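Let me begin by presenting the structure, written as structure tokens, before commenting on it.
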Amino acid sequence: MQQIHISNLKDYVGQEITLQGWLFNKRSSGKVRFVILRDGTGYLQCVFFKGNVSEEIFDSADKLGQESSIEITGKVKEEPRAIGGFELDSTDLKIIQASQEYPITPKDHGIEFLLDNRHLWLRSKKQVAIMQVRHRIIKAIRDYFDERDYTLMDPPILTPNAVEGTSTLFETPYFDLGTAYLTQSGQLYAEAGAMALGKVYTFGPTFRAEKSKTRRHLTEFWMVEPEVAFADLDDNMDIAEEFLEYIVQTVLEEKDEELKILERDTSMLQNVKRPMPRITYDEAVELLHKNGVEFEWGKDLGGTDETLVSNQFDKPVMVHRYPAEVKAFYMKRDPENNNLALALDVLAPEGYGEIIGGSQREDNLDELLDRIKEHNLPQDTFEWYLDLRRYGTVPHSGFGLGLERTVSWICGLDHLREAIPFPRMIYRNTP
RNA sequence: UCCGCGAUAGCUCAAUGGUAGAGCAUUCGGCUGUUAACCGAAGGGUUGUAAGUUCGAGUCUUACUCGCGGAGCCA
């Protein structure tokens with residue numbers, strides 16, 4: 001069957017067509033009744049005049065509950081007064097299922113109620129817009145790498161050990177092999193991929209069992225992680241800024257309607273173009289001191305510190321060369337200062353914080369062995385990773401971009417839970 | 001784990017220690033162009049749980065449960 005959708009009504013002006021969807025809202029005024037039809041691609045006002053349709057149809061146009069599934073036939077005409085600019089002069093209405101007492105009414109709701117009804121909340125205008133932007137971001141991410149000869153290589157979800165040692169992991173029994181953990185990053189596997197394929201990226205769900213209870217955390221979130229052989233920290237930053245520019249500019253061009261629905265002020269997003277500022281950790285600390293923040297050199301930047309630093313710029317800022325102490329074991333030390341790691345964080349503007357974290361990796365076998373010992377990590381489970389340094393090691397770099405944080409930033413959301421269809425948080429794993 | 005805030009109708013919220021209220025939703029009625037339409041009417045309550053103070057508790061006290069916001073940690 002050939003379906004017609006609201007998004008391409010402009011091709012049907014003057015024609016009689018049939019549309020399928022859900023009743024979004026309705027209004028009535030004596031002899032004329034308005035039904036707003038929603039089909040996932042848009043919204044359309046369908047008008048029923050008394051006399052133009054049977055008594056029964058005219059009646060049901062007023063009685064149907066929100067989100068009833070319906071099929072409406074009528075003639076398309078341009079109508080500036082109606083949402084979307086088109087209107088359907090309706091002649092027929094078929095009820096597929098009459099919905100009663102839909103929980104999400106046109107007035108305000110609290111977040112707990114909306115999250116309990118997330119499966120229905122997704123039908124709301126803003127949530128539909130967010131999901132469409134999320135989809136376009138995912139496509140932009142894949143297009144960016146695919147068009148530049150990267151190979152998508154999926155890492156395992158079940159892993160035998162912690163990638164970064166520090167974070168708490170979800171555990172699950174694994175047959176006779178003891179405990180398996182849900183991955184918190186595909187990075188180590190991406191490094192193996194980069195040695196096989198040159199340029200790779202992983203893109204999948206990752207899991208953190210930390211009891212983080214903030215608007216910037218989920219226990220299950222999606223991360224894309226490119227990894228490139230023969231790339232140093234500067235190359236890494238070049239990729240990160242071109243990547244971000246590509247994603248943001250693509251979404252601005254192709255999803256402006258959705259961003260309008262979300263009431264996103266896009267002026268700051270327009271600025272996301274190369275070159276982007278690059279400052280060292282030392283310079284970031286200096287910036288904090290200059291703004292009266294008591295910050296001790298050697299600590300990692302906290303959420304409020306990140307906001308203060310990023311507020312000094314009108315586009316994303318890259319902070320590089322962090323104290324090695326606070327960073328992961330696999331990061332290469334700065335040859336010019338052994339206390340620093342060749343790490344890279346990208347802070348989004350407008351208080352959205354860290355959206356990218358990456359580094360140049362330690363490619364020297366002996367150095368890496370020392371790091372593993374320093375961090376008290378079990379060397380035997382990392383033997384395969386050490387092999388990458390034994391057999392044709394090369395300088396290589398990569399980073400991870402948090403998908404939900406990126407969606408949240410571009411959509412201007414105030415919480416990550418709206419950036420993913422079914423959010424998983426410490427006190428919620430339903431629906 | 002720590003700090004702060006909250007829980008009253010299906011939903012969002014009111015109610016000086018003294019008869020439990022409104023809007024939305026639902027049902028009924030009205031209106032020939034509505035834009036979260038509007039106007040009129042009706043039904044809808046063990047005020048999170050347990051105990052205490054009081055002549056009297058939605059309101060004060062204590063404990064518990066659940067949720068929200070933030071910190072730490074991170075993407």
Side-chain angles (χ1 to χ4, degrees), chain A residues 24-36 43-52 58 61-67 79-84 87 89 99-117 120-121 124-126 163-169 183-187 205-225 299-306 326-328 344-348 352-358 399-409 414-417 419-420 425-428:
Chain A
F24 186 70
N25 200 358
K26 63 176 195 287
R27 291 178 281 274
S28 74
S29 179
K31 305 289 188 294
V32 60
R33 280 167 187 175
F34 302 94
V35 169
I36 311 298
Y43 303 85
L44 175 67
Q45 175 161 286
C46 304
V47 192
F48 293 84
F49 283 105
K50 196 182 177 86
N52 284 11
F58 189 71
D62 193 44
K63 296 233 162 78
L64 273 177
Q66 224 183 318
E67 290 299 319
E79 174 52 74
R81 283 177 293 186
I83 181 175
E87 190 174 81
D89 195 355
S99 160
Q100 288 299 312
E101 307 219 25
Y102 184 68
I104 301 178
T105 64
K107 291 277 178 179
D108 292 335
H109 298 283
I111 190 63
E112 186 185 356
F113 177 77
L114 289 172
L115 286 173
D116 283 343
N117 289 283
L120 302 175
W121 187 23
S124 306
K125 213 171 193 173
K126 284 193 178 181
V163 170
E164 297 176 21
T166 54
S167 297
T168 320
L169 302 175
T183 185
Q184 59 182 332
S185 164
Q187 187 210 306
T206 51
F207 307 86
R208 304 278 163 97
E210 278 159 355
K211 289 199 168 182
S212 298
K213 192 169 160 27
T214 82
R215 63 183 67 197
R216 299 187 311 279
H217 290 88
L218 297 168
T219 56
E220 176 182 318
F221 63 98
W222 284 64
M223 189 152 65
V224 56
E225 296 176 283
K299 289 197 316 183
D300 205 353
L301 298 169
T304 47
D305 305 323
E306 286 179 356
V326 299
K327 288 293 181 184
L344 152 75
D345 280 1
V346 179
L347 309 180
Y352 282 93
E354 185 183 344
I355 48 169
I356 281 180
F399 60 81
L401 171 115
L403 177 64
E404 286 75 19
R405 284 191 181 174
T406 306
V407 172
S408 184
W409 165 47
D414 60 10
H415 202 301
L416 238 49
R417 62 193 163 202
I420 187 167
M425 296 171 290
I426 47 175
Y427 294 123
R428 174 177 295 279

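Chain naming here is simple, since letters A, B, ... match the order of the sequence lines and numbering starts at 1 in each. Quantities reported herein were computed from a predicted structural model and do not represent experimental measurements.
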Between [atom2] of [N] and [atom1] of [X], the distance in whole Å:
| X | N | atom1 | atom2 | value |
| --- | --- | --- | --- | --- |
| A:Met223 | B:A75 | CE | P | 7 Å |
| A:Glu354 | B:G72 | CD | P | 13 Å |
| A:Tyr427 | B:G6 | OH | P | 19 Å |
| A:Ile426 | B:C68 | CD1 | P | 9 Å |
| A:Asp116 | B:G67 | CG | P | 10 Å |
| A:Leu344 | B:A75 | CG | C1' | 13 Å |
| A:Glu404 | B:C74 | CD | P | 19 Å |
| A:Asp345 | B:A75 | CG | C1' | 9 Å |

Nucleotide nearest [X] when distance is taken to its side chain, options [options]:
| X | options | result |
| --- | --- | --- |
| A:His217 | B:U35, B:C68, B:C73 | B:C73 |
| A:Phe113 | B:C68, B:C74, B:C11 | B:C11 |
| A:Arg208 | B:A71, B:C73, B:A75 | B:A75 |

Roughly how far apart, to the nearest Å, are B:A50 and B:U26 at atom C1'?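 That atom pair is separated by 34 Å.
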Looking at every strand, decide which applies to A:Leu403 at a 4.0 Å heavy-atom threshold: base, sugar-phosphate, or nothing.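 Nothing, no nucleic acid heavy atom in range.
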Tell me what A:Phe221 touches on the nucleic acid: a base, only sugar-phosphate, or nothing, going by heavy atoms under 4.0 Å.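 If one applies the 4.0 Å heavy-atom cut-off, A:Phe221 turns out to touch a base.
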My validator wants the stems of RNA chain B: runs of 3 or more consecutive Watson-Crick or G-U pairs, both distances under 3.5 Å, written as range with range.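 Stems for RNA chain B, defined as runs of 3 or more consecutive pairs: B:1-7 with B:65-71, B:10-13 with B:21-24, B:26-30 with B:38-42, B:48-52 with B:60-64.
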Quick one: CG on A:Leu403 to CD1 on A:Ile355, what's the gap to the nearest 0.5 Å?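 One finds 11.0 Å between CG of A:Leu403 and CD1 of A:Ile355.
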Given RNA chain B, 5'-ward residue of the pair A:Gly302 and A:Arg417, judged by closest heavy atom: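 Result: A:Arg417.
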Which residue lies toward the 5' end of RNA chain B, A:Asp305 or A:Leu218, if each is placed at its nearest nucleotide?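 Its nearest nucleotide being more 5', the pick is A:Asp305.
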Would A:Arg33 and A:Phe58 count as a cation-pi pair here, with the cationic atom under 6.0 angstrom from the ring centre and within 45° of the axis?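 Because its charged atom sits under 6.0 Å from the ring centre and within 45° of the axis, A:Arg33 does stack over A:Phe58.
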Counting primed atoms, P, OP1 and OP2 as sugar-phosphate and everything else as base, the B/S/- map of nucleotides 22-33 of chain B against protein heavy atoms under 4.0 Å is --SSSS---BBB
Donor-acceptor pair, side chain of A:Thr206 and main chain of A:Phe221, under 3.5 angstrom: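 Present.
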